Each structure stands twice: as structure tokens, then as C-alpha cells.
Amino acid sequence: MPELPEVETVKGGLERAVLGGRIKGLRVNRYDLRIPVPQDLGQRLSAQTIHEISRRGKYIIMHIGDSYAVLHLGMSGRIRIFAAASDYEARKHDHIIFEMEDGGLFAFEDPRRFGMFYLAGDDGWAVERPFSQMGPEPLDDEWTGTHFYNAINKRKAPIKGLLLDQAIVAGLGNIYVCEALYGAGVDPRRGGDSISKAEADKIVVQSKQVLERAIAAGGSTLRDYQKTDGSLGYFQYGFQVYDRDGHDCPLAECNQKILRIVQAGRSTFYCPSCQK
DNA sequence: AAGTGGGCCTGAGAGC
DNA sequence: TGCTCTCAGGCCCACT
């Protein structure tokens with residue numbers, strides 16, 4: 001399940017492999033993604049150069065010719081990159097395959113189709129649409145404890161959900177929110193308006209730390225960019241609480257077990273003793 | 001306005 | 001073994 005560190009890994013892999021390259025053509029196996037793929041996508045992107053690849057939150061934006069293509073990996077999305085098209089092995093859920101003029105190839109695979117690939121301007125999906133309401137990047141200096149505190153101190157919703165709200169901070173997902181709250185020692189059930197400035201500071205610091213560690217772990221997988229799926233970076237990182245309900249709290253002097261609860265339909269993992 | 005919950009989708013894993 | 005059921009997750013959107 002790609003979160004910001006995995007998306008960053010994918011973006012890096014694409015940059016190394018196809019930035020500056022020209023698209024020879026593409027094959028679309030499915031048009032009925034969550035946002036429909038335009039029928040003329042191939043015409044519009046063929047023979048166009050990939051000028052720039054950037055990331056905003058969990059979205060990757062590719063400036064191709066005069067178009068802006070927006071890619072989101074959802075939860076099962078991957079980009080597989082091949083230096084030579086002859087190395088490509090088709091998979092069942094490869095929805096869009098990009099063939100490059102230099103002989104390379106990359107494929108957007110997404111079994112659960114929670115992801116998206118669309119061109120800016122189509123059907124009102126302006127390139128800025130997902131971004132206009134989006135909060136700061138969690139790793140930017142702009143995202144400080146003060147900024148975070150001001151964004152949440154009148155909100156009654158649980159802090160867990162507020163951290164998942166991309167309008168407050170863009171790029172945190174369920175896993176890293178659980179980890180950051182554990183690191184900060186804050187109970188995920190508490191309302192935003194109960195969080196002190198000092199606690200907001202801690203949450204912000206911890207968020208940045210868990211993301212930076214995960215990016216560092218994922219970065220090592222970039223050497224083999226044919227496997228640019230982010231999965232190695234994700235699995236190499238050992239989680240303290242995520243998906244560990246029933247296990248002992250990692251803190252040696254704590255005797256509690258990690259609990260799993262459901263908040264707004266999403267799993268939350270936390271230590272009832274360490275997180276107040 | 002803010003908060004909640006359903007829908008989307010498939011594969012993995014549990015339980016029978 | 002093989003079936004059925006449940007769950008996972010980000011995001012959008014409808015509803016309160």
C-alpha cells in the first residue's frame with residue numbers, strides 16, 4: 001500500500017528511467033479506471049517528451065508534451081519499469097503500458113483499481129483539483145508544530161483522522177499516522193481540540209522521522225529500478241504498532257499489548273499505556 | 001462547516 | 001481441498 005515514501009521511490013525510479021525520454025506509444029488494457037482513461041490517450045501522449053516528473057502528496061504529476069498526467073497508485077498500484085521492452089512480462093492488471101522511443105517500457109499495474117491516471121482538464125479533473133485544498137507536505141519546513149496546532153485546535157474529530165486529512169497535511173496514510181502517534185505518545189482517540197501545542201510539536205517531529213526513515217529504507221531499492229514498486233522499502237521498515245495488535249508494546253518497560261480499534265472505518269493500532 | 005459512513009475493487013487469509 | 005466470507009486501503013461523495 002503505497003504511502004508517501006513509496007510514492008517518492010516510484011517517482012525517483014521514473015525519473016531515472018524515463019525523464020527526458022519520448023513516448024513511442026502506449027497500450028491501454030482498461031479504460032474503466034476510477035476516473036475513466038480517455039479513449040484518445042495514446043494519440044495525445046505518443047511522440048511526446050516527458051519533461052518533468054513531480055510529486056504532491058501521494059500523487060505523481062508527469063508533464064508530457066503539453067499535457068499534465070496525474071497518477072495515483074491507490075493502494076495496490078505499482079509502476080514496473082523495464083530497460084528493454086523485450087524484458088516486459090505482462091500481468092493481469094497492467095492497465096496502461098508506456099513504450100519509450102529508447103526501447104524502454106513502463107507499466108501501470110493496479111489490481112484493485114483504487115488508483116487513477118488522468119490528464120489535466122478532462123471532465124473537470126483539472127490538474128490542480130486534488131491539490132487546491134491540499135495541506136503542506138509533511139517533510140516541508142512549512143509544516144511545523146505551530147501550523148499543525150492552528151489547523152486542529154478547533155476540531156473535535158479524533159487526531160487520528162485529522163492526520164489522515166490531506167487538507168491538513170498531504171501524504172500521511174494510515175500506517176505512518178499510527179506510527180507517528182505512537183512515537184509522540186498521543187492517544188489516537190483524542191479530539192484535535194484537546195491536543196496541546198507541545199503535543200502538536202511532537203506529532204509533527206515524529207511524522208517527519210517515520211517518513212524519513214522509510215524513505216531512506218526505500219531509497220536503497222532504487223539501485224534496481226526495474227523493481228520500482230516501493231514494496232521493498234515499505235517492508236524493510238519495521239513497524240512499532242501498525243498491524244501488531246496483541247503483540248507486546250515495543251517499549252521494554254511497558255507491559256501492555258498493542259490494541260487495534262476502528263476509527264471512521266479504518267484500523268488504528270496503539271499502546272493504551274504509552275499513548276495518553 | 002464538520003464529521004461520518006458507503007462505495008469502489010481484488011487478493012489474501014481465515015474458517016468451515 | 002475448495003468454497004465462502006471478511007478485510008484491507010485512499011479517495012470521493014452523499015448524507016446528517
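What you see is a predicted model; the values in this text were computed from it and never measured.
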[X] atom [atom1], over 12 foreign heavy atoms within 6.0 Å:
X       : atom1 : result
Q256(A) : CD    : yes
K197(A) : NZ    : yes
N255(A) : CG    : no

Roughly how many Å is it from [atom1] in [X] to [atom2] in [N], rounded to a whole number?
X       : N       : atom1 : atom2 : result
Q263(A) : dG5(B)  : CD    : C1'   : 14 Å
L73(A)  : dC9(B)  : CG    : P     : 18 Å
R56(A)  : dC11(C) : CZ    : C1'   : 16 Å
N153(A) : dA2(B)  : CG    : P     : 12 Å
M134(A) : dC11(C) : CE    : P     : 7 Å
I261(A) : dA8(C)  : CD1   : C1'   : 17 Å
R78(A)  : dG11(B) : CZ    : C1'   : 13 Å
R30(A)  : dC9(B)  : CZ    : C1'   : 9 Å

Terminal axes of the helix from dA2(B)-dT16(C) to dC16(B)-dG2(C) (5 end pairs apiece), angle rounded to 10 degrees, sit apart by 50°

Exercise. G115(A) near the nucleic acid: base, sugar-phosphate alone, or nothing, with a heavy-atom cut-off under 4.0 Å?
Worked result: nothing

Per atom distances to the Y59(A) side chain, the nearest of dA8(C), dG3(B), dC11(C) is dC11(C)

Side-chain contact check for R260(A): nearest option of dG11(B), dG10(C), dA8(C) is dA8(C)

Please state whether the phosphate of [N], meaning OP1 or OP2, lies under 4.0 angstrom from any side-chain nitrogen or oxygen of [X].
X       : N       : answer
K156(A) : dA2(B)  : no
S267(A) : dA8(C)  : yes
K92(A)  : dG11(B) : yes
R113(A) : dT10(B) : yes
H93(A)  : dC9(B)  : no
R155(A) : dG3(B)  : yes
Q166(A) : dG10(C) : no

Check for a donor-acceptor pair, side chain of H147(A) on one end and backbone N or O of Y149(A) on the other, with a separation under 3.5 Å.
no

Q: Taking E3(A) for its side chain and I175(A) for its backbone only, find out whether a donor-acceptor pair lies under 3.5 Å.
A: yes

* Asked: Between the side-chain atoms of R266(A) and the base atoms of dG10(C), is any donor-acceptor pair under 3.5 Å?
  -> yes

Parallel, tilted or perpendicular: ring planes of F117(A) versus F108(A), cut at 30 and 60 degrees = tilted

| said: I'd like to know if K92(A) pairs up with E109(A) as an ion pair, taking the criterion as any Lys NZ or Arg NE/NH1/NH2 lying under 4.0 Å from an Asp or Glu carboxylate oxygen. | reply: no

Self-check item: R190(A)/E199(A) ion pair, N-O < 4.0 Å
Solution: yes

